[in-house]
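Report on one structure; see the data block that follows.
Note that ligands are numbered from 1 as they come in the structure, with each ligand's atoms numbered from 1 the same way.
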Amino acid sequence: MSEIGVDLGARSYTVHVGRGQLQSLPDLLEELRGRRFVVVTNRRVFGLHGRNLERGLRHLGRVARVLVPDGERYKSRTTLAAVHDAFVDAGLGRDAVVVAFGGGVIGDLAGFAAATYMRGVDLVQIPTTLLAMVDSSVGGKVGINHPRAKNLIGAFHQPRAVVADPAVLVTLPPRELRSGAYEILKCGILGDRGLFRAMQEAPQGLVGWNEAAIAEAIAGACRLKAAIVGKDEREAGLRRLLNLGHTLGHALETVTRYRCFTHGEAVGWGLIAAAAIAQRKQLLRPAVARAIVAATERIGPRPGVDALGLDPILAALGHDKKAKQGRVPFILPTAIGRVTLRFDVTRADVRHALSAMAARRSGAVT
Ligand SMILES: NC(=O)c1ccc[n+]([C@@H]2O[C@H](COP(=O)([O-])OP(=O)(O)OC[C@H]3O[C@@H](n4cnc5c(N)ncnc54)[C@H](O)[C@@H]3O)[C@@H](O)[C@H]2O)c1
Ligand SMILES: [Zn+2]
């Protein structure tokens, strides 16, 4: 079991990672005893793991439940309003504790509902996808989509605790497991050589990836994210490094209207692109670039990029909301465990990255 501290003064909290943590909720959340809990989840996650969760919570206080539909398109203003309505109907007051139980969609939506209800009530993140365990549940970013842009409406609202129990991942579809693994690999490349090595050693396609290794990898990624968030909670500088692989990843998601790649798959392609661009700019040794590509490929098949044109991708890059005065920020690796922020990535660099990506044909995705 790992306990990782996120050091944010009065808003500090612990990320608990380990098998069986769901059973230990009454101990882990002891300081919230006697409060009113409201679990926000969807039918799928609740059907698989909900009873296990609520059994633990009931030791601490009264428990209400709000079910929302499953899917990114429900991370919306309409669903947010329905969640707020349910809070009002349940008579929740300022002592409420919102428990976000699901993947990143639930974490973001329930987290934003908690941030905005009565100017902010307490939140506990209990992520059930690998992506949510290593990324979205830690760091306090919460929000919903606007019809015209993803994650446009949001807030920073740190949880009181995060509880990641890898036992729930046994029901996760393999594609979702791989999706989270690309974010773990990202963490390794940007700041943890041991984590990078661990991902190099994971089984091909993550088939049979053992639970102890998964728990270690989750803890490693959370440690890295916690350290960065502890120094730069609101993304004034350092936290931007977590966007390694995301500049191009977001562009791929945009041009395919979020219908082709999972977020992690798009980030996987973004890691390959970042390695190719860094090598072209002579920031990264060819052998290290090859190691990054090989580790990304090892995680498994992703939908290919051959059919995507350069121009739509360049247009989408220009619209990245983090673009500053038309210059697109790119995080590029300079070694395993080290990255740099650059604003000088040219059209030719992106074209080069795309041909490096197209050369890697991924297999069927299941
Ligand atoms: N706030 C942040 O810092 C941050 C960071 C990264 C991503 N995100 C957001 O996270 C979202 C993506 O999250 P995601 O990849 O977890 O997707 P998701 O929440 O849509 O979950 C993927 C699917 O897995 C199902 N599921 C969840 N847990 C399961 C389990 N244990 N067993 C079986 N099925 C399970 C879900 O119901 C869903 O159908 C996006 O909206 C993205 O914007 C936020
Ligand atoms: Zn991401």
Atom indices of ligand 1 within 4.0 angstrom of Lys141 heavy atoms, with elements: 1 (N), 2 (C), 3 (O)
Quick check for you: to the nearest 0.5 Å, what is the distance between Glu183 atom CD and Leu242 atom CG? 9.0 Å
Check the orientation of Phe87 and Tyr117. Use parallel for under 30°, tilted for 30 to 60°, and perpendicular for over 60°. perpendicular
Checking Ser137 side chain against Ala132 main chain: does a donor-acceptor pair fall under 3.5 Å? yes
Could you list the atoms of ligand 1 found under 4.0 angstrom from a heavy atom of His49? 31 (N)
Are any of the side-chain nitrogens in Asp122 or Arg160 under 4.0 Å away from the carboxylate oxygens of its partner? yes
Any carboxylate oxygen within less than 4.0 angstrom of a Lys/Arg side-chain nitrogen, looking at Glu233 and Arg239? no
4.0 Å heavy-atom contact, Asn42 with ligand 1: yes
Testing Glu176, Arg44, His49 one by one against Thr171 for a side chain to side chain donor-acceptor pair (under 3.5 Å), which residue passes? His49
The protein heavy atom nearest to atom 17 (O) of ligand 1 is Gly104 N, 4.2 Å
Ion pair Glu54/Arg58, N-O distance below 4.0 Å: yes
Side-chain contact test, heavy atoms from C-beta onward, threshold under 4.5 Å: evaluate it for Arg62 versus Phe37 and give yes or no. no
Residue and atom name of the nearest protein heavy atom (relative to atom 9 (C) of ligand 1), distance in Å to one decimal: Asp108 OD2, 3.4 Å
Measure the spacing between CZ of Arg298 and CG of Leu206 and express it to the nearest 0.5 Å. 9.0 Å
Do side-chain atoms of Asp7 reach the backbone of Gly230 as a donor and acceptor pair under 3.5 angstrom? no
Among all protein heavy atoms, pick out the one at the shortest distance from atom 26 (N) of ligand 1; state its residue, atom name and that distance to 0.1 Å. Val45 CG2, 3.9 Å
Basic-acidic side-chain contact under 4.0 Å: Asp192, Lys186: no
Between Glu253 and Lys150, does any NZ, NE, NH1 or NH2 come within less than 4.0 Å of an OD or OE carboxylate oxygen? no
Lys225 bridged to Asp135 by N-O distance under 4.0 Å: yes
Any N or O on Asp135 sitting closer than 3.5 Å to an N or O of ligand 1? no
Logged contact type for Glu183 with ligand 1, heavy-atom cut-off 4.0 Å, is neither
Salt bridge check, Asp108 against Lys75: does any charged N sit closer than 4.0 Å to a carboxylate O? yes
Main chain of Phe112, side chain of Thr116: is a donor-acceptor contact present, judged purely on distance under 3.5 Å? yes
Shortest protein contact, atom 21 (O) of ligand 1 (heavy atom only): Thr129 CG2, 3.6 Å
Would you call Arg43 and Asp70 a salt bridge, using N to O less than 4.0 angstrom? no
Residue and atom name of the nearest protein heavy atom (relative to atom 36 (C) of ligand 1), distance in Å to one decimal: Asp70 OD1, 3.7 Å
Ligand 1 versus Thr262: contacting region, heavy-atom distance under 4.0 Å: neither
heavy-atom search around atom 25 (C) of ligand 1 in the protein gives Arg44 NH1, 3.8 Å
Check ligand 1 against Glu176 and write out every atom of the ligand that is under 4.0 Å from a heavy-atom position of the residue. 22 (C)
Please state which protein non-hydrogen atom is closest to atom 33 (C) of ligand 1 and give its distance, to 0.1 Å? Thr171 O, 3.1 Å
Heavy-atom contacts under 4.0 Å between Asn151 and ligand 1: side chain, backbone, both, or neither? side chain
Backbone or side chain, does any N or O of Val105 fall under 3.5 Å from an N or O of ligand 1? yes
Are any of the N or O atoms of Leu131 closer than 3.5 Å to those of ligand 1? no
For Leu48, atoms of ligand 1 separated by under 4.0 Å from a heavy atom: 32 (N), 33 (C)
Mark up the atoms of ligand 1 that fall under 4.0 Å of a heavy atom belonging to Lys150, in ascending order. 40 (C), 41 (O), 42 (C), 43 (O)
For a distance under 2.8 Å, give residue and atom name for each protein N, O or S atom next to the Zn ion (ligand 2). Glu183 OE2, His246 NE2, His263 NE2
Identity and distance of the protein heavy atom lying nearest atom 4 (C) of ligand 1: Ser136 CB, 3.2 Å
Is any N or O atom of His263, backbone or side chain, closer than 3.5 Å to an N or O atom of ligand 1? no
